[in-house]
Amino acid sequence: MSGPLLLVQLLSGLAHAMVLFLIASGLSLIFGVTRIVNFAHGSFYMLAAYLTYTFAARLPLGGAAFYTAALLAALATGLLGLVVEVLLLRRVYRAPELYQLLLTFALVLVIADLVRFVWGTENLTGPAAPGLAGAVPIAGQLFPTYDLALIGLGPAVALALWALFYRTRYGILIRATTLDREMVAVLGVDEARLYTSVFVLGSCLAGLAGALQVPRQALTNVMDTTVLTEAFVVVVVGGMGSVGGALLAAILIGVSDAFGVLVLPGASLVLTFVVMAAILIVRPWGLRGRPAGPERAAAAGVAAAPAPPRAWGWALLAALVLLPPLLPTYWVWLLVEVLALSLFAASLYLLMGTGGMVSFGHAAAFGLGAYGAALLMLRAGWPMPLAFAGAPLVAAAASVVIGFFAVRLTSIYFAMLTLAFAQIGYALVHQWYDLTGGDNGLLGVWPARWLASPLRFYGLALAACGGGVALLSRVERAPFGLTLRAVRDHPRRAEALGVNVRRLQLLAFVIAGFFGGLAGATFVYLKGSAFPEYLALPVSVKALVMVLLGGVGTLAGAPVGAAVYTLLDTVVTRYTAYWQAVLGALLILLVLAFPRGIVGALPGRGR
């Protein structure tokens, strides 16, 4: 491999790293000060790219149109961040932190359909940057002039942010809030104004990144999800709240990705997340971050709601047994999906609600359960019932490996390590064509003939998923579950009393993985196919949304949230092509009206 080619790859990686730095620095700032994991950050990036495309085409400024458009797009996303923070996020700051996550996910849905409505679904090619549209020879190779400009712009922005943080009172307040929010509040700082300004600044940086990306790549409706995942990697590797760490991590990730495509094209997708996982395991707080002080669990602050009356459970079981024969076939299949997703959400609740371990990668259990069933049947030749039974064991085995490393971490670092492992699984099934079919997936994963009728397969799903939820309920209220709650609320006290905290959390992780895999196996036989998207971040986020929507104070909230989300999704989809926007708006209303979830809002619950 020639030296000039390596140099060009290095420069290409650095150019991509500067864009990653811009968006990741904003995400890191927002989390460091407000503790909000802003899933809408990638949406701001995407919206700014499309705004730049439109402004550049319509502004009568000649060669200055693109640069003016980029600036206006960044300011527009900052203004949007102001509106979002003041009108929405400020209303739920006193709610558990995860409900703010649910609100930002709802914004992702709304902005995604807004982009589709205004700009359509076709990929768009943005204008070239005037004066920077050509290429320059470097070591005998042509390299884009615009990418060279980006390589220079990144350090300039980093220097400006450094001056802001270390040479102004405002920057000192931001750094102090990142380290200890409570102490800054005690000193009389106006938290509301500080939070708003930081959210606006972070949104502007995301918008600037999106605007500057327009000449480099086509504009697509899914560019938000792709860049958000990469931004998460950069933020965690660099250290939450550290802008300098974000720059260092962006360079590391950008360059490793550039050389990964060149040297290991078959493993290019997995390389980034292997780097992330390795750094989190060795140095959980990131390259430039600081060890986190003791924090309350993400699910703490929401008291455990009392169990529903036993009569309610019997009435629900009777309805699930007696009603399906009276329903049309479509609704029977929909009930199967609700059952599978209810078990998926309930398995996450065991981790998040009972154990206080928020996972951003629970899709790994779901997807590996789905692929386990498909591979055991199609590749190993197992009968469908045996493949169905073996699938959750595959997911549980993977959970042993993932959990062994993950339970050593806490808070956002635990969440991000689970995300890293899920993305590694996603990359493996996406690129291992000989075994998994790659992005073509595995097709023909159907139930055995004697289970192929809707009512018979529904009976299997009810026994597997309904029984799984019932078993999780027993586990939660057994001494194991009560001890897990004690570890969630007071880990040091529990350890002092002789509880092996890591072993307990690992066991909970494996149990959750087993039932998540069972949900995935049910789902794959419902759909008849397995695709890499089953392990992707949106699936993990969907499970989080279901748990939060139902209410994180009780296991009953998980199936309630799954049922409500699935029914809303189904009903809205039938009446409009822009179902994501309607669903997102409904989720926003539900969060504002019931900040502790649907079940938590019932009389006597959520106190």
Side-chain angles (χ1 to χ4, degrees), residues 307-347 349 366 369-370 373-374 377 382-392 443-474 515-530 534 542-543 546 549-550 554-575 579 583 598-599 602:
R310 186 169 297 181
W312 289 17
W314 288 111
L316 176 61
L317 178 60
L320 290 174
V321 171
L322 298 176
L323 287 181
L326 307 177
L327 297 175
T329 300
Y330 171 81
W331 289 100
V332 175
W333 289 125
L334 182 62
L335 279 178
V336 173
E337 183 172 349
V338 169
L339 286 170
L341 294 179
S342 294
L343 179 58
F344 182 38
S347 65
Y349 174 83
F366 185 82
M377 191 174 81
W382 288 22
M384 177 265 170
L386 285 181
F388 183 81
L443 308 179
V445 191
W446 297 111
R449 288 186 178 182
W450 58 277
L451 284 171
S453 71
L455 287 178
R456 288 182 180 180
F457 188 75
Y458 171 80
L460 175 65
L462 180 60
C465 298
V469 172
L471 286 174
L472 284 170
S473 178
R474 293 294 297 270
F515 285 106
L518 183 58
T522 306
F523 191 81
V524 77
Y525 283 114
L526 168 68
K527 299 298 183 181
S529 55
Y534 291 179
K542 183 184 291 187
M546 291 173 181
L549 183 60
T554 173
L555 178 66
V560 168
V564 170
Y565 184 92
T566 305
L567 292 174
L568 283 176
D569 187 359
T570 303
V571 171
V572 173
T573 304
R574 295 178 66 182
Y575 293 102
W579 60 272
L583 181 59
I598 296 171
V599 175
L602 297 178

Item to complete: Scan for ring pair (Phe, Tyr, Trp, His ring centres under 6.0 Å) pairs involving residues 326-347, sequence neighbours excluded, and state none if there are none.
Response: F344-H362, F344-F366

To check you understand the geometry: which heavy-atom pair defines the closest contact between [X] and [Y], and what is its length?
{"X": "G561", "Y": "L549", "value": "O-CD2, 3.9 Å"}
{"X": "A373", "Y": "A391", "value": "N-CB, 3.6 Å"}
{"X": "A319", "Y": "P324", "value": "O-CD, 3.6 Å"}
{"X": "A562", "Y": "T566", "value": "O-OG1, 2.7 Å"}
{"X": "E337", "Y": "F523", "value": "CG-CE1, 4.1 Å"}
{"X": "Y565", "Y": "M546", "value": "CD2-CE, 3.8 Å"}

Check: residues 452-472 side-chain donor-acceptor pairs under 3.5 Å, at least two apart:
residue: S453; atom: OG; partner: R456; partner atom: N; Å: 3.4
residue: R456; atom: NH1; partner: W450; partner atom: O; Å: 3.1
residue: Y458; atom: OH; partner: L320; partner atom: O; Å: 2.6

Rounded to the nearest 0.5 Å, what's the gap from [atom1] on [X] to [atom2] on [Y]? Could you check?
{"X": "T329", "Y": "L334", "atom1": "OG1", "atom2": "CG", "answer": "12.5 Å"}
{"X": "W446", "Y": "S529", "atom1": "CH2", "atom2": "OG", "answer": "7.0 Å"}
{"X": "K527", "Y": "Y534", "atom1": "NZ", "atom2": "OH", "answer": "7.0 Å"}

Response to the item:
Taken in chain and number order and not counting sequence neighbours, the residues that satisfy salt bridge (Lys or Arg N to Asp or Glu O under 4.0 Å) with K542 are none

Worksheet item: Can you list the steps and then say if F388 with T522 is a side chain to side chain contact (heavy atoms under 4.5 Å, CB included)?
Response: CA-CA 8 Å; F388 183 81; T522 306; 3.6 Å; yes

Fill in: L335 side chain near L327 side chain, heavy-atom distance below 4.5 Å
yes

Discussion item. Evaluate L339 against L343 for side chain to side chain contact (heavy atoms under 4.5 Å, CB included), listing each step before the verdict.
Written reply: CA-CA 6 Å; L339 286 170; L343 179 58; over 6 Å; no

